[in-house]
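Below: one structure, written as structure tokens.
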Amino acid sequence: MPTQYTPAQVEGPLYERWVERGYFTADAKSEKPPYTIVIPPPNVTGSLHLGHAFQHTLMDALVRRKRMQGYEALWLPGMDHAGIATQNKVEQQLAEEGLSRHDIGREAFVERTWQWKQEYGGRILGQMKRLGDGVDWSRERFTMDEGLSAAVLTIFKQLFEDGLIYRAERIINWCPRCLTALSDIEVEHEDRDGELVSIRYGEGDDSIVVATTRAETMLGDTAVAVHPEDERYAHLIGRQIKLPLTDRTIPVVADEHVDPEFGTGAVKVTPAHDPNDFEIGRRHDLPNLTIMDERGVITVHGPFLGLDRFEARSAVVGALREQGRIVAEKRPYVHAVGHCSRCHTVVEPRLSMQWWVKVAPLAEAAGDAVRDGRVQIHPKELERRYFDWVDNMHDWCISRQLWWGHRIPIWYGPDGEVVCVGPDEKPPTGEGWRQDEDVLDTWFSSGLWPFSTLGWPEQTPDLAKFYPTDVLLTGHDIIFFWVARMMMFGLYAMDGQAPFHTIALTGLVRDEFGKKMSKSNPNAVDPLDWMDAYGADAVRYTLAKGANPGADVPIGEDWVQGSRNFCNKIWNATRFALMNGATVSGPLPAAEQLSAADRWILSRLNATVAEVDGLYEDYQFAKLADALFHFSWDEVFDWYVELTKPVLMAGGPAADVTRRVLGEVLDVTLRLLHPITPFVTEALWTTLTGGESVVVAAWPADSGFRDAAAEKEIELLQQVVTEVRRFRTEQGLKPGQKVAAQLSLEGTSLVAHEGALRSLARLTMAEEGFHATATLPIAGATVALDLSGAIDVEAERKRLGKDLAAAEKELAQAQAKLGNEAFLAKAAEAAIDKIRGRLAKATEDIERLTAQLAALPTA
RNA sequence: GGGCGCAUAGCUCAGCGGUAGAGCGCUGCUCUUACAAAGCAGAUGUCGGCGGUUCGAAUCCGUCUGUGCCCA
């Protein structure tokens, strides 16, 4: 066994073996209770970034633990078809050939997109294998699969028949580059420097000043609105004023939604190009005048015809300025501008006919499921974000002017008929019938994911066994994407059964300085690079250790390196155990046969099992990773392993007992670590135990064994050892240098630990000619050392003096507290006891330190 | 503009009413027979400022400053 763990040699073969043996393949016919997580489907065009690696690590840990606990665990993988993103990719490819999608036609384009998926899609799936994701590959799904498409058609028809899907002309978010409608959540608002220009409309007494950041839209104004109680404009209400640069006049209308405090208190109304104005227009029966085409080019006749919207903006301002109509300009004027989340083009509000989901009843059910506790959100603080969203959700625009996606199953007849065609139904035939050209929002199909992947609408054994799923784990930034959509559809389609009982929300991955990591940032790290350099376990452990509930996760290469070191430490500790005959065979010896060290570590081991279990149930990954780190490194590797050395070296029956306990401790520790660091633990555990695989080993159970006395005993030993080591360091002794010492341990629990103490502090027996040059009284025991020569009295005096001062300060503080009547009267008994304990400890320390100082030879 | 959150050791973060913690970094000394990707020992903080509540505040309340996120 080499002295260093080399993940690169281990990981690939192990993963292949796991998959071959079918450990991750769930059985719907199993008698075991189910545990299910579906992966929020990544985008088919995407590749694994740290955010995925992070969430996958946590999901994998949850599922692996449950599998070990005896659940029929299913972690279901797959991808969504990412309508816009994928179509963009294929259009780029076509563009390189000098073609557009219209050149080859819809059918060929869709065919070509499938080819693209075949060739380039799903890179992320291979990357998931590198990370060690224990997913059931036999159940891999894609939102455009036949079964999932049938689910889309089924629910569309149900919603349509229930009146929850309708068609309407509204202002939507339009991307002039992607040439499609977008839903609200596909628009990102960013602050931009723009200008706010104030324009005078009308003439003389009939003039009124309005302000806008989008001057070009004035060409489509059909009114000016003021507040009905605004006296400044009362005389103008109902009058017609002249709209500059046009030959039109427009009315001044009174509308309560106008804020008289903002700007001049008068607003221009462009119903076809602004959602608020559209509403005003509806209330006042104003005409909707569209002035741009789908690419954002001006279509009204006149000097601006054919100009791009941004060119038109400056042209319009210029023309108005010439006419002396610009009364004020504020520049720069910072305001939020919506951008297409896919291509970052500035979104244009556009009046158009689209299909919508009426979300009110669905969102209410989604909110109630959390409100009444059927579904829990972790951490709880994020509930409010969820409620804010579902309680104020606007109707959802689901039609997209794309070719890649589920085509809307609506057929229009020659006489204005509108027919919704279900999955098993034949579309109407005959002259004049045609299908809607648009496809559905990708999220419409991913919202069905928790049950469409299990076979719905068919009543499959998978659906019966694994729905509802258990946990949805995802970033808090996409509560609105997955969570809300899956909740709405799950409750609607599955008879009010929520798709999962727990929503575990994580933060975002950031770099080591807390900066946001994104693909476009130079700080973006490819997790595969780190896995190559340090192993998948190191990346996984680092991510898990950063996973404080709901909080962002900073990660840096140094930390991954630290986790690699941890894996290496586990490797070497196990290596030591193997070299010394640690075993898991046979029953654990009874408590009477165990040494105090054995009882201590078993006590701590079981406490750790209980602690880790509790933290898993609470989705406290950072804390459980930390607890495991602390227990295994600080307690097992640093102390227990060192304590076994003198015993193992001495041999005999005591050594046999220790070999068994050492085997037990490592066996359990490796099993506890496995869900987070699956590879190194598998390699070690199979060697240590001869078992088939830790993947299917039993999850450790707390035996209930605790031994407070042993814990105290070992703590005292640690204290004494540390004290001697400190003294040695102060005296400039080399770590390996043996020193003769005489120990007086009578009357303390250290009597049984003389061997351990000598081993850990490197103290040899006092032989003839022993002459103590320093005496350390510690906790009732005395350690006399022969340093064979002068010791550095000054260094020792300095240090003891410092400790003494600290102890005296402590004593004074404790005395002050205990002398405080109010404290004694009002504080809890436990708090007072604690202070009494501190007082006693301080008194004892002062005594000891004073004695040590007195024992120093005078210079 | 509205809402939410965060300010703790050089860095990244735990702790959230009873003596300030971890990892990394830093300073010494060591290749002590599992491990130098390590061991041992050590240093480091008026817990953002100011007020208040309390016997007692990093922890609760108010306020200011700084900073981040979401929504419009």
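In what follows, chains are A, B, ... by sequence order, proteins preceding strands, each numbered from 1.
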Q: Tell me what A:Asn580 touches on the nucleic acid: a base, only sugar-phosphate, or nothing, going by heavy atoms under 4.0 Å.
A: nothing
Q) Do A:Arg799 side-chain atoms and A:Glu730 backbone N/O form a donor-acceptor pair below 3.5 Å? A) no
(Q) Say we look at B:A58 and B:G21: how far apart would their C1' atoms be, to the nearest angstrom? (A) 12 Å
Q.
Salt bridge or not between A:Arg758 and A:Glu754? Use side-chain N to carboxylate O under 4.0 Å.
A. yes
Q: Check the distance between B:C29's C1' and A:Lys734's NZ and give it to me in whole angstrom.
A: 8 Å
Q: Find the distance between CZ (A:Arg384) and CG (A:Leu382) and round it off to the nearest 0.5 Å.
A: 11.0 Å
Q.
What contact category does A:Glu642 fall into here, base, sugar-phosphate, or nothing, at under 4.0 angstrom with non-hydrogen atoms?
A. base
Q | Within 6.0 angstrom of A:His344 NE2, more than 12 heavy atoms from elsewhere | A | yes
Check nucleotides 40-46 of chain B against the protein and report each pair of N or O atoms closer than 3.5 Å, with its distance, or say if there are none.
from	atom 1	to	atom 2	distance (Å)
B:C40	O3'	A:Arg725	NH1	3.4
B:G42	OP1	A:Arg726	NH1	3.3
B:A43	OP1	A:Lys802	NZ	3.0

(Q) If I take atom CG in residue A:Leu508 and atom P in nucleotide B:C6, what distance separates them, rounded to the nearest angstrom? (A) 17 Å
Q. Looking across every strand, which nucleic acid part, if any, lies under 4.0 Å from A:His189 by heavy atom: base, sugar-phosphate, or nothing?
A. sugar-phosphate
(Q) Can you see whether A:Gln719 engages A:Thr722 through a side-chain donor-acceptor pair at a distance of less than 3.5 angstrom? (A) no
Q) Looking across every strand, which nucleic acid part, if any, lies under 4.0 Å from A:Phe566 by heavy atom: base, sugar-phosphate, or nothing? A) nothing
Q. Rounded to whole angstroms, how far apart are CD on A:Glu383 and P on B:C4?
A. 16 Å
(Q) Under a 3.5 Å threshold, yes or no: a donor from one side chain and an acceptor from the other, between A:Lys569 and A:Ser632? (A) no
Q. How long is the line joining CG of A:Leu505 and P of B:C4, in whole Å?
A. 19 Å
Q: Could you tell me whether the side chains of A:Asp667 and A:Trp685 share a donor-acceptor contact shorter than 3.5 Å?
A: yes
Q: Indicate the atoms forming the closest heavy-atom contact of A:Val483 with A:Ile503, along with that distance.
A: CG1-CD1, 3.5 Å
Q.
Can you check the distance between B:G17 and B:C35, where both ends of the measurement are the P atom (answer in whole Å)?
A. 45 Å
Q | A:Lys545 to A:Phe566 six-membered ring, cation-pi geometry met (6.0 Å, 45°) | A | no
Q | Proximal nucleotide (of B:C70, B:A72, B:U32) relative to the A:Arg385 side chain | A | B:C70
Q) Pick the nucleotide of RNA chain B nearest each of A:Lys645 and A:Val187; which residue has the one closer to the 5' end? A) A:Lys645
Q: Provide the distance between the two C1' atoms, one in B:C26 and one in B:G62, to the nearest whole Å.
A: 40 Å
Q) With a non-hydrogen cut-off below 4.0 angstrom, is A:Lys738 in contact with a base, only sugar-phosphate, or nothing? A) nothing
Q: Compute both the distance and the angle, then confirm whether A:Arg485 meets the cation-pi test with A:Trp396: under 6.0 Å from the six-membered ring centre, within 45 degrees of the axis.
A: yes
**Q.** Spacing of the C1' atoms in B:C50 and B:G18 (rounded, Å)
**A.** 25 Å
Q: Take atom P in B:C16 and the same atom in B:G48, then report the distance between them in whole Å.
A: 16 Å
Q | Atom C1', compared across B:A38 and B:U32: separation rounded to whole Å | A | 12 Å
Q: Report the nucleotide, chosen from B:A72, B:A34, B:A14, that has the shortest atom-to-atom distance to any side-chain atom of A:Phe637.
A: B:A34
Q: Specify the residue among A:Leu733 and A:Ala551 whose closest nucleotide of RNA chain B lies further upstream toward the 5′ end.
A: A:Ala551
(Q) Using a 4.0 Å heavy-atom cut-off, does A:Arg575 contact any base of the nucleic acid, only the sugar-phosphate backbone, or nothing at all? (A) sugar-phosphate
Q. Checking only heavy atoms, does the side chain of A:Lys569 share a donor-acceptor pair with the base of B:C35 at less than 3.5 Å?
A. yes
Q: Would you mind classifying the nucleic acid contact of A:Tyr534 as base, sugar-phosphate or nothing, using non-hydrogen atoms under 4.0 angstrom?
A: nothing
Q | Separation between the P atoms of B:A43 and B:A20, rounded to whole Å | A | 16 Å
Q.
Measure NE2/A:His476 against C1'/B:G68 and give the value in whole Å, please.
A. 11 Å
Q.
Each nucleotide in nucleotides 16-24 of chain B should get exactly one letter: B, S or -. Can you fill that in based on protein heavy atoms under 4.0 Å?
A. --BB--SS-
Q. Take atom NE2 in A:His335; do more than 12 heavy atoms of anything else shown fall under 6.0 Å from it?
A. yes
**Q.** Distance-only donor-acceptor test, A:Gln4 side-chain atoms vs B:A38 base atoms, 3.5 Å
**A.** no
Q) What distance, rounded to whole Å, do you find between the two P atoms, one in B:U8 and one in B:C13? A) 9 Å
Q. Across the strands shown, which category fits A:Asn820 at heavy-atom distances under 4.0 angstrom: base, sugar-phosphate, nothing?
A. sugar-phosphate
